[in-house]
Novice: 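Here it is, the structure, as structure tokens.
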There are 2 protein chains.
Amino acid sequence: MRELTPEDNEPVGRAPGERPPGSVPTIHDVAAAAGVSKSVVSRALSGAPGVAARTVTKVKAAAEAMGYVANANARGMSAHRTHTLGVFVRDAATPFYGHLLTAFQEQASARGYRAVTATGSGSFSIEEERRALETLVSLRVEGLIVCSGALPVEDIIPFAHRIPTVIAGRPETDPSVSSVYCDEVGGGRGMAERVVQLGHRRVAVMTHTAASSLTQSARTEAMVQHLRDAGVDVLPFRCEDYGLEIEGTDSIVQAILDAGGVTALMAPSDSWALAVLESLQLRGLTAPNDISVTGYDGVKPFTSSLLGFTSWRQPLNLIGRLSVDDVVDQIEGLSQGARHRSIDGELIPGRTAAALSA
Amino acid sequence: MRELTPEDNEPVGRAPGERPPGSVPTIHDVAAAAGVSKSVVSRALSGAPGVAARTVTKVKAAAEAMGYVANANARGMSAHRTHTLGVFVRDAATPFYGHLLTAFQEQASARGYRAVTATGSGSFSIEEERRALETLVSLRVEGLIVCSGALPVEDIIPFAHRIPTVIAGRPETDPSVSSVYCDEVGGGRGMAERVVQLGHRRVAVMTHTAASSLTQSARTEAMVQHLRDAGVDVLPFRCEDYGLEIEGTDSIVQAILDAGGVTALMAPSDSWALAVLESLQLRGLTAPNDISVTGYDGVKPFTSSLLGFTSWRQPLNLIGRLSVDDVVDQIEGLSQGARHRSIDGELIPGRTAAALSA
DNA sequence: TTGTACGCGTTATCAA
DNA sequence: TTGATAACGCGTACAA
């Protein structure tokens with residue numbers, strides 16, 4: 001950590017008596033301005049009983065005038081409560097996590113808590129993600145909501161042991177931490193059922209390993225499993241083998257086309273499906289005319305009728321709401337112990353997957 | 001804020017001697033475990049000189065064993081530094097803000113700061129947004145980054161007066177607060193130039209008022225202005241008149257079609273453009289065959305070659321980076337006073353706007 | 001090399 | 001109805 005140097009607090013040319021920039025009025029300043037003690041200020045501002053109405057008015061006026069905002073850090077130290085939830089998301093730039101974030105914020109506010117968010121920074125290293133979690137813990141949040149398809153549960157447990165924690169958006173079974181997620185196995189199977197129903201008998205599935213994404217590996221595994229059970233000829237393609245990045249899609253698409261006879265391609269998410277469709281477009285191919293394509297997640301803007309993705313909708317609002325409820329209930333002692341809640345998703349028929357023309 | 005009740009701190013059935021849940025080990029616990037004083041722990045953990053190597057090892061082991069994470073609140077109080085930047089975004093669910101968030105996080109980390117994010121909660125009331133800003137201030141962040149197309153600068157100034165602040169992603173000229181943004185006037189004009197260049201002579205522009213979005217009003221106003229200057233027949237349609245929500249697009253599209261002879265439609269953002277294209281699709285119309293359509297923002301996933309949006313790219317990574325640099329420079333005294341930096345965007349030719357076939 | 005003591009801004013307890 | 005005072009967890013002079 002950087003050392004504090006005298007220069008930090010001494011900008012040039014400040015008028016005498018003026019507060020140094022960066023320093024904010026304290027309860028003491030308000031007390032002085034209002035001509036009372038800081039205890040009275042504290043009570044007046046928090047609406048505690050036992051303060052003369054006239055005094056309350058006077059104090060509030062003084063506070064308002066100098067733009068006093070109580071220091072939440074100090075308040076937290078003395079009150080042993082911060083009323084703050086810590087949210088960790090892997091990558092705020094993707095609509096999936098963005099929607100979750102919004103849902104968290106909304107429900108946290110409804111429950112009387114604030115939510116602060118920390119994310120990894122660009123490079124998605126496990127180490128970075130753990131550091132982000134520590135940041136949240138160091139802020140003494142009262143609850144933790146973790147959204148990452150990659151961070152191993154072992155890295156989360158130590159925190160969950162001390163702070164009410166919920167893992168949101170991914171299946172988890174560890175008994176020491178709660179989770180709220182959309183049923184990945186059911187979703188993968190539902191998506192596969194649809195493909196089978198449409199008459200496809202030779203299907204490519206882009207798969208993931210658990211290491212790169214627990215959700216995407218679970219759902220694609222379920223897809224493969226169900227297709228096999230239905231007697232379909234399945235061609236799994238591990239995304240990791242073609243460069244993990246979504247940009248490697250082109251090689252996968254090429255390989256799938258080279259395989260010959262594939263009439264449907266199942267992608268692990270809408271983002272990947274979009275990349276697939278782009279690759280196909282480069283080759284003058286479209287879905288579902290040349291090959292059927294399915295996505296997964298079903299979140300705006302991918303659900304646009306313009307794109308017409310055949311996909312699986314995860315009810316992110318509900319997941320976000322239940323996640324917050326779970327941690328808050330734990331914090332307030334309304335519930336004890338971890339709970340795992342699986343939410344059902346929903347098929348989006350779309351147009352990118354169609355019946356196989358015999 | 002909710003009052004603290006006794007129940008909050010008294011969970012049922014806890015084993016005697018055990019730490020209450022939610023309470024985390026303190027420096028004092030580590031000191032006891034390592035058999036030294038807390039000062040030594042502080043110095044050992046912060047790598048300060050003057051601690052015996054053997055003691056450092058001992059302390060670190062004890063801290064590690066009990067999962068000690070220093071309380072950033074307490075640290076901030078005594079050190080007068082929190083090394084934390086506060087980020088406010090209007091709506092984390094949209095890709096535009098999501099990408100900005102990522103850029104902030106990355107650069108903050110690079111500069112040795114953590115970033116905590118607060119957002120409004122669903123309903124985008126100004127009051128809510130101001131409350132979110134107060135949350136950040138109460139956390140005693142050292143710098144403030146504000147991203148909202150709606151929050152009036154008057155509501156930001158009071159904070160900017162005390163904390164280094166930058167308004168990111170929207171043009172601002174007030175001398176008491178910095179800003180980093182993509183040149184909206186240049187962008188609106190650039191987009192309009194393109195439309196003129198393609199030969200369109202009767203063009204509909206979906207406009208916004210400054211009240212609903214400062215950025216979108218600025219760029220659409222520039223579009224209208226440039227089209228008029230070029231002698232084009234301009235038909236402005238105020239989005240607010242048709243229900244501010246993006247869902248009202250359908251009525252606007254209908255009105256534009258009813259107007260007759262319009263060959264190009266300029267939308268205020270890619271999101272709106274997507275809604276427009278959906279409406280057209282419902283009527284069996286496509287762009288650019290039946291009408292040319294332009295968007296704005298140029299951020300993934302709207303930039304997909306599958307959609308082929310004709311749009312204007314805002315360099316969000318650069319905006320994010322420069323915003324963080326600006327606040328951090330202010331915090332560290334490397335720069336003084338507000339600076340307004342306009343960044344140039346870039347045309348994305350796309351396919352949704354085409355030359356008018358004579 | 002280590003420990004003691006104080007202050008940071010706030011809330012809560014208790015006395016006035 | 002108000003004011004003094006003790007925590008809270010940490011960093012850091014200063015003393016040992």
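These numbers come from a predicted model, not from an experiment.
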Novice: Table please: side-chain donor-acceptor pairs of residues 60-71 of chain B below 3.5 Å, with sequence neighbours left out.
Specialist:
unit_1, atom_1, unit_2, atom_2, d
B:Asn71, OD1, B:Asn73, N, 2.8
B:Asn71, OD1, B:Ala74, N, 3.2

Novice: Expressed in angstrom and rounded to an integer, what is the separation of A:Tyr68 atom OH from C:dT10 atom P?
Specialist: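 Going from OH in A:Tyr68 over to P in C:dT10 covers 3 Å.
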
Novice: Could you go over nucleotides 4-6 of chain D and give all protein N or O partners under 3.5 Å, atom names and distances?
Specialist:
unit_1, atom_1, unit_2, atom_2, d
D:dA4, N7, A:Ser39, OG, 3.2
D:dA4, N6, A:Ser39, OG, 2.8

Novice: Suppose we screen for side chain to side chain donor-acceptor pair (under 3.5 Å). Which residues come up paired with B:Thr84, at least two apart in sequence or across chains?
Specialist: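 Residues passing side chain to side chain donor-acceptor pair (under 3.5 Å) with B:Thr84: B:Arg114.
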
Novice: In whole angstrom, what separates B:Asp29's CG from D:dG9's P?
Specialist: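 Between P of D:dG9 and CG of B:Asp29: 8 Å.
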
Novice: Need one value for A:Ala70: base, sugar-phosphate or nothing, where a base atom within 4.0 Å counts as base even if backbone is also close, heavy atoms only.
Specialist: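 The answer is sugar-phosphate, as A:Ala70 gets under 4.0 Å only of primed atoms, P, OP1 or OP2.
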
Novice: Can you run down the salt bridge (Lys or Arg N to Asp or Glu O under 4.0 Å) pairs that involve residues 30-43 of chain B, sequence neighbours left out, and say none if there aren't any?
Specialist: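 Residue pairs with at least one partner in residues 30-43 of chain B: there are none.
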
Novice: Whole-Å distance between D:dG9 C1' and B:Ile27 CD1?
Specialist: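 One finds 8 Å between C1' of D:dG9 and CD1 of B:Ile27, rounded.
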
Novice: Taking the side chain as everything from C-beta on, heavy atoms only, tell me whether B:Thr119 gets closer than 4.5 Å to A:Leu101.
Specialist: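 With C-beta onward as the side chain, the pair stays apart.
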
Novice: Given that B:Gly35 and A:His28 both sit by DNA chain C, which one's nearest nucleotide is further toward the 5' end?
Specialist: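 By nearest-heavy-atom nucleotide position, the 5'-most residue is B:Gly35.
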
Novice: Apply side chain to side chain donor-acceptor pair (under 3.5 Å) to B:Ser148 and list each qualifying residue two or more places apart in sequence or on a separate chain.
Specialist: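 For B:Ser148 the side chain to side chain donor-acceptor pair (under 3.5 Å) partners, ignoring immediate neighbours, are B:Glu129.
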
Novice: OP1 or OP2 of C:dT10 versus the side-chain N and O atoms of A:Ser42: is any pair under 4.0 Å?
Specialist: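 Indeed not, no polar side-chain atom of A:Ser42 lies that close.
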
Novice: State which of C:dG3, D:dG9, D:dA7 makes the closest approach to the side chain of B:Val36.
Specialist: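 Taking heavy atoms from C-beta onward, the closest nucleotide is C:dG3.
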
Novice: Between atom CG in A:Leu45 and atom C1' in C:dT11, what is the gap in whole Å?
Specialist: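 Atom CG in A:Leu45 sits about 13 Å away from atom C1' in C:dT11.
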
Novice: Sequence neighbours left out, what passes side chain to side chain donor-acceptor pair (under 3.5 Å) with A:Ser179? Give chain and number order.
Specialist: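 Per chain and number, A:Ser179 pairs via side chain to side chain donor-acceptor pair (under 3.5 Å) with A:His340.
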
Novice: Does some side-chain heavy atom of A:Val36 sit less than 4.5 Å from a side-chain heavy atom of A:Val30?
Specialist: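 When only atoms from C-beta onward are counted, A:Val36 and A:Val30 do not touch, as no gap falls below 4.5 Å.
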
Novice: More 5' along DNA chain D: B:Asn71 or A:Pro49, using each one's nearest nucleotide?
Specialist: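 In this pair, the answer is A:Pro49.
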
Novice: According to side chain to side chain donor-acceptor pair (under 3.5 Å), who are the partners of A:Ser335, at least two apart in sequence or on a separate chain?
Specialist: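 For A:Ser335 there are no side chain to side chain donor-acceptor pair (under 3.5 Å) partners, ignoring immediate neighbours.
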
Novice: Return the value, rounded to whole Å, for the distance between atom NE2 of A:His80 and atom P of C:dA12.
Specialist: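 Whole-Å distance recorded here is 10 Å.
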
Novice: Keeping to residues at least two apart or across chains, list the side-chain hydrogen bond (donor to acceptor under 3.5 Å, both in side chains) pairs with something in residues 319-328 of chain B.
Specialist: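 Listed once each, the pairs are B:Gln107-B:Asp325, B:Arg111-B:Asp325, B:Ser178-B:Asp326, B:Asp326-B:Gln330, B:Asp326-B:Arg339.
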
Novice: Does A:Val59 reach the side chain of A:Leu45, with side-chain heavy atoms less than 4.5 Å apart?
Specialist: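 In contact.
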
Novice: Tell me, please, which residues at least two apart from B:Glu127 pass salt bridge (Lys or Arg N to Asp or Glu O under 4.0 Å).
Specialist: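 Residues passing salt bridge (Lys or Arg N to Asp or Glu O under 4.0 Å) with B:Glu127: B:Arg130.
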
Novice: The side chain of B:Ser78 lies closest to which of these nucleotides: D:dG9, C:dT2, C:dT11?
Specialist: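 Side chain of B:Ser78 sits closest to D:dG9.
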
Novice: Please report, rounded to the nearest Å, how far the C1' atom of D:dT12 is from the CZ atom of B:Arg81.
Specialist: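 In whole Å, D:dT12 C1' lies 16 Å from B:Arg81 CZ.
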
Novice: Give the residues of residues 51-61 of chain B touching DNA chain C, defined as any heavy atom closer than 4.0 Å, sorted by residue number.
Specialist: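 Those residues whose heavy atoms fall under 4.0 Å from DNA chain C, taken from residues 51-61 of chain B in numerical order, are B:Val51, B:Ala52, B:Thr55.
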
Novice: Measure from CG on A:Asn73 to C1' on D:dC8 and round the result to the nearest Å.
Specialist: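 In whole Å, D:dC8 C1' lies 12 Å from A:Asn73 CG.
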
Novice: Give the rounded distance in Å between these two atoms: CG of A:Leu139 and P of D:dC10.
Specialist: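 In whole Å, D:dC10 P and A:Leu139 CG are 13 Å from each other.
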
Novice: Sorted by first residue and then second, give each side-chain hydrogen bond (donor to acceptor under 3.5 Å, both in side chains) pair with at least one member in residues 132-145 of chain B; sequence neighbours left out.
Specialist: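 Sorted result for residues 132-145 of chain B: B:Arg81-B:Glu142.
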
Novice: Given axes from five pairs at either end, by how many degrees does the helix from C:dT1-D:dA16 to C:dA16-D:dT1 bend, rounded to 10°?
Specialist: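 Computed from the C1' atoms at both ends, the axes differ by 50°.
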
